[in-house]
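Below is one structure, written out as structure tokens, with a few remarks after it.
Both counts, for ligands and for their atoms, begin at 1 and track the order of listing. Not measured: the values here are computed from a predicted model.
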Amino acid sequence: MNWGVATYDSAFGYVSAHGAPLIDLLDPQPGERIIDLGCGAGMLTAELAARGAEPLGLDGNPHLIAQASSQFPELSFAVGDAADFTVADRYDAVISMSALHWMARDPDAVLARVHASLRPGGRFVAEMGGAGNCAELIAAMQTAWRDYDLPEPELPWYFPTPADYATRLEEAGFTVRLLEYFDRPTRMTDAPDGAADWVRLFAAAPLAGVPSELIEPVLSRVNTLAAPALRRESGWVADYVRLRFAAVRKANGKPVQEMPLLGAI
Ligand SMILES: C[S@@+](CC[C@H](N)C(=O)[O-])C[C@H]1O[C@@H](n2cnc3c(N)ncnc32)[C@H](O)[C@@H]1O
């Protein structure tokens, strides 16, 4: 995956802009140690610090971590794969905004690492793409690829249903306290080429497989196909569907209380 650093934070800055309700859900307390998983350019990490927490921003993309570190030199950032990271001490919470659906290779490994990084009772709060996320955009992509006789694009995301993700969370050792699943149509600000801009930025990997002379025609076809559903007079709108949850790490190794034999209830 190749994230365009400059483009990412301008045209699609809405990823960060929508972070405030998630931070409110986490309700970070002064001094709490919190991992921002898939922190990107660090906007949410900085907001956690502004609320008095001690955040660590973790991201797999060294360019984004370099950008975050230079923009917020007083904060801690590290490059790391969410499916494979370790931390020296346990954290009070993990937050993740619009990143878990990119960690598609092994979502259970990601949950295992989050679990291992939290103290018992630690919170895990996240928002991610849910089942049906960007369905119109993806359908336009798939049709455009087919129209140009290209092999089916390999999509880099994992958009689970609420039931699927709740089960994974429970199996990974979390108690799910809240799970919301909702449409969030989102204006693509500063993205005049609409669906094509979205593909360029978020579907760079499948686009890299398109022969160079076909890239512009294919993108133009994506726009034609997506326009009826997603183009408004005021501009393009992405058909986002989100999963937002708050979970708590269960205590490990807690002795099971002996139940007195009082008969059935
Ligand atoms: C859409 S961005 C969200 C960034 C940030 N949370 C925000 O709200 O602005 C997704 C981020 O997840 C990161 N990411 C994707 N897969 C990852 C992985 N396996 N390990 C760590 N970070 C990953 C990407 O590098 C990218 O920065």
Side-chain angles (χ1 to χ4, degrees), residues 1-26 28 34-50 53 55-72 75-87 93-114 116-117 124-130 133-134 137 154-160 184 186 188-191 197-206 238 240-245:
M1 177 198 348
N2 183 15
W3 292 83
V5 172
T7 324
Y8 166 73
D9 212 47
S10 51
F12 293 88
Y14 57 73
V15 176
S16 313
H18 284 278
L22 193 66
I23 297 187
D24 291 342
L25 180 60
L26 175 67
I34 300 173
I35 296 174
D36 179 4
L37 192 64
C39 66
M43 308 300 286
L44 198 87
T45 323
E47 182 58 30
L48 291 169
L56 165 68
L58 190 82
D59 200 281
N61 184 327
H63 303 293
L64 286 171
I65 288 296
Q67 187 187 347
S69 299
S70 82
Q71 202 173 345
F72 307 109
L75 302 184
S76 302
F77 293 98
V79 178
D81 186 334
D84 196 20
F85 72 98
T86 49
V87 282
V94 173
I95 190 168
S96 183
M97 174 66 186
S98 297
L100 292 173
H101 53 269
W102 286 99
M103 302 168 187
R105 188 168 31 90
D106 190 348
D108 293 324
V110 174
L111 289 178
R113 296 326 308 157
V114 172
S117 69
F124 180 28
V125 168
E127 184 175 315
M128 67 189 292
N133 191 47
C134 299
L137 286 161
E154 233 178 84
L155 303 176
W157 316 287
Y158 160 65
F159 297 134
R184 198 188 62 204
T186 302
M188 299 187 200
T189 48
D190 302 326
D197 280 345
W198 182 88
V199 173
R200 283 190 192 98
L201 185 60
F202 291 112
Y240 279 18
V241 177
R242 299 330 252 181
L243 267 187
R244 185 188 288 156
F245 63 82

| task | Tell me, please: is M43 in heavy-atom contact with ligand 1, that is, under 4.0 Å? | result | no
| task | Report the C-alpha distance between T45 and S76 in whole Å, list the side-chain angles of each, state the deciding distance to 0.1 Å, and finish with yes or no for side chain to side chain contact (heavy atoms under 4.5 Å, CB included). | result | CA-CA 9 Å; T45 323; S76 302; over 6 Å; no
| query | Between D84 and R105, does at least one N-O distance fall below 4.0 Å, as a salt bridge requires? | reply | no
| query | Counting only heavy atoms, which portion of C39 has something under 4.0 Å from ligand 1: side chain, backbone, both, or neither? | reply | backbone
| field | Residue M97 vicinity, atoms of ligand 1 by number, heavy atom under 4.0 Å | value | 3 (C), 5 (C), 6 (N), 8 (O)
| field | From the candidates D59, I65, V110, N61, the one that places a heavy atom nearest atom 26 (C) of ligand 1 | value | D59
| field | Check: A99 N/O within less than 3.5 Å of ligand 1 N/O | value | no
| field | N or O pair under 3.5 Å between D81 and ligand 1 | value | yes
| request: Look only at interatomic distance and state if A83 has a nitrogen or oxygen under 3.5 Å from any nitrogen or oxygen of ligand 1. | output: no
| request: Say whether S98 and ligand 1 are in contact under the criterion: heavy-atom distance to a ligand atom below 4.0 Å. | output: yes
| How about F85 and I35: do any of their side-chain heavy atoms sit closer than 4.5 Å? | yes
| query | Taking the six-membered ring for Trp, are W157 and W102 parallel (under 30°), tilted (30 to 60°) or perpendicular (over 60°)? | reply | perpendicular
| field | Region of L64 that comes within reach of ligand 1 [heavy atoms, distance under 4.0 Å] | value | side chain
| request: Mark up the atoms of ligand 1 that fall under 4.0 Å of a heavy atom belonging to G60, in ascending order. | output: 21 (C), 22 (N), 23 (C)
| request: Report yes if the side chains of L64 and F77 come closer than 4.5 Å at any heavy-atom pair, otherwise no. | output: no
| query | Would you say the side chain of L48 lies within less than 4.5 Å of the side chain of L26, judging by non-hydrogen atoms? | reply | yes
| Taking distance alone, with no angle check, do L37 and ligand 1 share an N/O pair under 3.5 Å? | no
| Heavy-atom gap G80 to ligand 1 smaller than 4.0 Å | yes
| query | Which is it for M43 and F72 under the side chain to side chain contact (heavy atoms under 4.5 Å, CB included) test, yes or no, and what are the steps along the way? | reply | CA-CA 9 Å; M43 308 300 286; F72 307 109; 4.1 Å; yes
| query | Given E127 and R184, is the side chain to side chain contact (heavy atoms under 4.5 Å, CB included) satisfied, shown in steps? | reply | CA-CA 12 Å; E127 184 175 315; R184 198 188 62 204; 2.6 Å; yes
